[in-house]
Undergrad: 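One structure coming up, written as structure tokens, with questions to follow.
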Amino acid sequence: MGEDRRLEEEVERQLRIIAEGAEVFVGEDDLRERLRTALAEGRGLRVKLGMDPSAPDLHLGHSVVLMKLRRFQELGHMPIFLVGDFTARIGDPSGRKKTRPALSAEEVARNAETYVEQVSRVLDVRRAELRFNSEWMEPMRAADLVRLCATATVARLLERDDFSRRYAAGDPIAVHELLYPLIQGYDSVALRADVELGGTDQTFNLLMGREIQRAYGQPPQAVITQPLLVGTDGREKMSKSLGNLIALTEEPAEMYGKAMSISDELMHEWIRILSAGEWPALEEASGAIREGRGGSPLELKQGLARAIVRRFHGEEAAAAAEAHFRRVVRGGELPEKIPEVEVAADGPEGRGLLYLLRELGFASSTSEARRLVAQGGVSVDGEPVRDPKAAVAPGEHLVRAGKRRFARVRVLSPAGGSGDPDSRG
RNA sequence: GGAGAGGUACCGAAGCGGUCAAACGGGGCAGACUGUAAAUCUGCUGGCUCUUGCCUUCGGAGGUUCGAAUCCUCCCCUCUCCA
């Protein structure tokens, strides 16, 4: 009987870890049962996480749910990483105000390729199952698709928040978008998933999976959703299209800098959501500041930024990123790496500043460069330049636009100019 | 199939014959402030060797007019109601 008690304790311990930080946990009792059976039989649960290869970059927001999948892996369960190559060609309507543009097969394939590498930063991909839903969706026959469609009703699909909102607002909803949750649910059937993870925006799709599994005679998966991470703008959820993201592949210094630019309010939220039980000291310090028990918000944010970099790049890179931040950003010194560019003069005065800015990629048009200069956003060798007609004289100069764009420019003397006879145009 | 309402710059949304490169809000960029924060304030936000100059833009194609985002015709797309 001691054996049984140990099993019970292990089940409860795992459930606690599984539930930690989760927003929604549906089917906990069923899962307890299945966990007990699985542990007794010495096998793991099948834990599904699906992602559409619609954007090539995974970001910090994705990492929240990936961390949860890693927890399952650490507990001895089988992570199933599902690349929705078929569904990406439909476009997930979740959280969408508009129909998502469908991707071509080539785009999808290209995006999918980079996924495994990115996921491997969080998960041991060798001990995970990697699947593509085209595997079963591609050969599916029309009759089978109709059968799948028969498992849900239009009213049920329209209950979805984003659909009902779009419907109420008189925005278009294409029929294929209604199919999306059905197909995602069918993926769970095909994979015989015990658990499916996702962000809270996936709640409907994941619950749909339960219904479809039932319709196909399978026990319904447990559904665990993680809170969504608000992007660096502090407003909307982190996403590629809003550009408010920190990509998992981002350079350490860039990652650190972006983390430092978030608001204090957001910092506490990020710590809570991203910690995944790994950052107790940060959680403690965060609580202290919020409750007015003292502490430095700046230091806490640095701790967060460092922890984030450490998670994806390791301790050494994190320390380097922090040193860089202290020196360059807070200390006002120049970055250690400034791109060097060589340009030809376009007149005896040197190189016209506006054209130079465009050439350097600091402005996308001459007009934009003009505005940048007129507003005092440009300096040459530390001196602000406000004259749009100014030219950068031959020789080496440090050109700066805004706060963070630097270039070391070497302007070559104009060919046939009066100066250096050795100069090559 | 019938009736009605719409499609405007990155997004939302005014404008409904000239004074429209197109109000306003959001976003973005720059400056001030600061803890490179956030919030706030100020300015800018189609292109052009560029400043009372030219070119391109208001779903698409034609047309009326000295002049069209604004009027007409046809077409494409969206929504609502009825069938």
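Computed over heavy atoms, backbone and side chain alike; hydrogens, waters and symmetry mates excluded. In what follows, chains carry the letters A, B, and so on, assigned in the order in which the sequence lines appear, proteins first and then strands, with residues in each chain numbered from 1.
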Undergrad: Heavy atoms under 4.0 Å, any strand shown: does A:Gly257 hit a base, just sugar-phosphate, or nothing?
TA: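 Result for A:Gly257 = base.
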
Undergrad: Please classify the nucleic acid contact of A:Gly234 as base, sugar-phosphate, or nothing, using heavy-atom distances under 4.0 Å.
TA: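 Counting heavy atoms under 4.0 Å across all strands, no contact is made by A:Gly234.
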
Undergrad: What is the distance, rounded to the nearest whole Å, between atom CZ of A:Arg370 and atom C1' of B:G46?
TA: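 A:Arg370 atom CZ is separated from B:G46 atom C1' by 15 Å.
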
Undergrad: Considering only atom P, compute the distance from B:U49 to B:G27 and round it to an integer number of Å.
TA: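 About 32 Å, rounded to a whole number of Å.
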
Undergrad: What heavy-atom pair brings A:Leu58 and A:Gln118 nearest, and what distance separates the two atoms?
TA: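 Here A:Leu58 and A:Gln118 meet closest at N-OE1, 2.7 Å.
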
Undergrad: Using Watson-Crick or G-U wobble geometry with both distances under 3.5 Å, which nucleotide pairs with B:C44?
TA: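 Per the H-bond distance test, B:G28.
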
Undergrad: Looking only at N and O atoms, is any donor in the side chain of A:Thr366 or the base of B:C48 less than 3.5 Å from an acceptor on the other one?
TA: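 In this structure, the two groups form no donor-acceptor pair.
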
Undergrad: Do the charged groups of A:Arg70 and A:Glu278 touch, with an N to O distance under 4.0 Å?
TA: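 Looking at A:Arg70 and A:Glu278, the cut-off is met.
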
Undergrad: Can you tell me how far P of B:A38 sits from CG of A:Leu298, to the nearest Å?
TA: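 Result: 13 Å.
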
Undergrad: Both A:Phe325 and A:Lys389 contact RNA chain B. Taking the nearest nucleotide for each, which residue is further toward the 5' end?
TA: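 Between the two, 5'-proximity favours A:Phe325.
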
Undergrad: Sort out the partner of B:A39 for me: Watson-Crick or G-U wobble, both distances under 3.5 Å, none otherwise.
TA: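 Because no pair has both required distances under 3.5 Å, B:A39 counts as unpaired.
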
Undergrad: Of all the heavy-atom pairs spanning A:Gly277 and A:Pro280, show the shortest one and how long it is.
TA: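 The answer is O-CD, 4.0 Å.
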
Undergrad: Atom pairs, N/O to N/O, protein against nucleotides 53-55 of chain B, distance under 3.5 Å?
TA:
none

Undergrad: Calculate the interatomic distance between A:Asn244 atom CG and B:G27 atom P; express it in whole Å.
TA: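 In whole Å, B:G27 P and A:Asn244 CG are 13 Å from each other.
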
Undergrad: Can you measure A:Leu266 atom CG to B:A39 atom P for me and round it to whole angstrom units?
TA: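 Those two atoms, CG and P, are 11 Å apart.
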
Undergrad: Measure the distance from CZ on A:Arg371 to P on B:C44 and round it to the nearest whole Å.
TA: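 Whole-Å distance recorded here is 11 Å.
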
Undergrad: Go ahead and name the base partner of B:G6; Watson-Crick or wobble counts if both distances stay under 3.5 Å, otherwise write none.
TA: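 B:C77 is the nucleotide pairing with B:G6.
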
Undergrad: Do A:Asp264 side-chain and B:G35 base share a donor-acceptor contact under 3.5 Å?
TA: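 Yes, the side chain and the base share a sub-3.5 Å donor-acceptor pair.
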
Undergrad: Assess, by modelled atom type and distance only, whether the side chains of A:Gln213 and A:Ser188 contain a donor and an acceptor separated by less than 3.5 Å.
TA: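 Result is no, nothing qualifies.
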
Undergrad: Rounding to an integer number of angstrom, what distance separates B:G1 and B:C10 when you compare their P atoms?
TA: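 Comparing P positions in B:G1 and B:C10 gives a spacing of 35 Å.
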
Undergrad: Quote, to the nearest angstrom, the C1' distance that separates B:U80 from B:A30.
TA: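 Straight-line distance between the two C1' atoms is 45 Å.
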
Undergrad: Tell me if the side-chain of A:Gln375 makes a donor-acceptor pair with the base of B:G43, cut-off 3.5 Å, by modelled atom types.
TA: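 Answer is yes: a donor-acceptor pair is held.
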
Undergrad: So what's B:G67 paired with, Watson-Crick or G-U wobble, going by both distances under 3.5 Å?
TA: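 Its partner: none found.
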
Undergrad: May I ask you to check whether A:Asn205 and A:Gln184 show a side-chain donor-acceptor distance below 3.5 Å?
TA: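 Note: A:Asn205 and A:Gln184 side chains meet the donor-acceptor criterion.
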
Undergrad: In whole Å, measure the gap between the C1' atoms of B:U8 and B:G25 for me.
TA: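 It comes out at 15 Å once rounded to the nearest Å.
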
Undergrad: Using a 4.0 Å heavy-atom cut-off, does A:Arg386 contact any base of the nucleic acid, only the sugar-phosphate backbone, or nothing at all?
TA: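 If one applies the 4.0 Å heavy-atom cut-off, A:Arg386 turns out to touch nothing in the nucleic acid.
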
Undergrad: Watson-Crick or G-U wobble partner for B:A14, using a 3.5 Å limit on both distances?
TA: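 By the stated definition (distances under 3.5 Å), nothing pairs with B:A14.
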
Undergrad: Whole angstrom is fine here: how far is it from CG in A:Leu354 over to P in B:A30?
TA: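 That distance rounds to 17 Å.
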
Undergrad: Send over the distance from A:Leu357 CG to B:A30 C1', rounded to a whole Å.
TA: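 That distance rounds to 13 Å.
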
Undergrad: Could you go over nucleotides 79-83 of chain B and give all protein N or O partners under 3.5 Å, atom names and distances?
TA:
| residue | atom | partner | partner atom | Å |
| --- | --- | --- | --- | --- |
| B:C79 | O4' | A:Gly170 | O | 3.2 |

Undergrad: Between A:Arg156 and A:Glu159 (salt bridge meaning N to carboxylate O under 4.0 Å), is one present in this structure?
TA: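 A salt bridge links A:Arg156 with A:Glu159.
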
Undergrad: Given that A:Arg330 and A:Arg235 both sit by RNA chain B, which one's nearest nucleotide is further toward the 5' end?
TA: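 On the 5' side of the pair lies A:Arg235.
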
Undergrad: I'd like the C1' distance from B:A13 over to B:G26, given in whole Å.
TA: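 11 Å, rounded to whole Å.
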
Undergrad: Would you classify A:Pro297 as touching base, sugar-phosphate or nothing, given that sugar-phosphate means primed atoms plus P, OP1 and OP2, and contacts are heavy atoms under 4.0 Å?
TA: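 Base contact.
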
Undergrad: Taking it one step at a time, do A:Phe81 and A:Tyr115 satisfy side-chain contact (heavy atoms from CB on, under 4.5 Å)?
TA: CA-CA 10 Å; A:Phe81 191 76; A:Tyr115 265 40; 4.1 Å; yes

Undergrad: Over all strands shown, is A:Arg358 touching base, sugar-phosphate only, or nothing at heavy-atom distances under 4.0 angstrom?
TA: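 Result for A:Arg358 = sugar-phosphate.
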
Undergrad: Which value, in whole Å, describes the distance between the C1' atoms of nucleotides B:U64 and B:G4?
TA: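 Taking atom C1' in both B:U64 and B:G4, they lie 27 Å apart.
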
Undergrad: For A:Ile308 and A:Ala259, which heavy atoms make the closest approach, and how far apart are they?
TA: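 Between these two residues, the closest heavy atoms are CD1-CB, 4.2 Å.
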
Undergrad: Within the 3.5 Å criterion, strictly below it, is a donor on A:Arg290 or A:Ser286 matched to an acceptor on the partner's side chain?
TA: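 Yes.
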
Undergrad: What integer number of Å spans the P atoms of B:C58 and B:U52?
TA: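 Here B:C58 and B:U52 have their P atoms 27 Å from each other.
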
Undergrad: Could you measure between the two C1' atoms, the one in B:U40 and the one in B:C48, and give it in whole Å?
TA: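 B:U40 and B:C48 have their C1' atoms separated by 36 Å.
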
Undergrad: If you check the A:Val329 side chain, which of B:A38, B:U36, B:G35 turns out closest?
TA: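 Between B:A38, B:U36, B:G35, the one nearest the side chain of A:Val329 would be B:U36.
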
Undergrad: Is it true that the side chains of A:Arg358 and A:Thr366 contain a donor and an acceptor less than 3.5 Å apart?
TA: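 A:Arg358 vs A:Thr366: donor-acceptor pair found between side chains.
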
Undergrad: Give a yes or no answer on whether the side chain of A:Asp194 reaches the backbone of A:Leu31 with a donor-acceptor pair at less than 3.5 Å.
TA: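 Checking the backbone N and O of A:Leu31 against the side chain of A:Asp194, no donor-acceptor pair under 3.5 Å is found.
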
Undergrad: What's A:Ser365 touching, base or sugar-phosphate or nothing? Going by heavy atoms closer than 4.0 Å.
TA: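 Here A:Ser365 touches the backbone only, sparing every base.
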
Undergrad: Compare the minimum distances between each of B:G35, B:C50, B:C29 and the side chain of A:Ser367, then state the nucleotide with the smallest one.
TA: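 Of B:G35, B:C50, B:C29, B:C50 is nearest to the side chain of A:Ser367.
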
Undergrad: Parallel, tilted or perpendicular: which one describes the rings of A:Phe72 and A:His77, with boundaries at 30° and 60°?
TA: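 Perpendicular, since the angle between the ring planes exceeds 60°.
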
Undergrad: Any donor and acceptor pair, going by atom type alone, linking the side chain of A:Asp187 with main-chain N or O of A:Asn133 inside 3.5 Å?
TA: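 Between the backbone of A:Asn133 and the side chain of A:Asp187 there is no qualifying donor-acceptor contact (under 3.5 Å).
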
Undergrad: Strictly by Watson-Crick or wobble contacts shorter than 3.5 Å, is anything paired with B:G1, and which nucleotide is it?
TA: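 B:G1 is paired with B:C82.
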
Undergrad: Expressed in angstrom and rounded to an integer, what is the separation of A:Leu372 atom CG from B:C50 atom C1'?
TA: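 Rounded to whole Å, this separation is 16 Å.
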
Undergrad: Quick check for you: among B:U36, B:G35, B:C50, whose closest atom lies nearest to any side-chain atom of A:Met260?
TA: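 That would be B:U36.
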
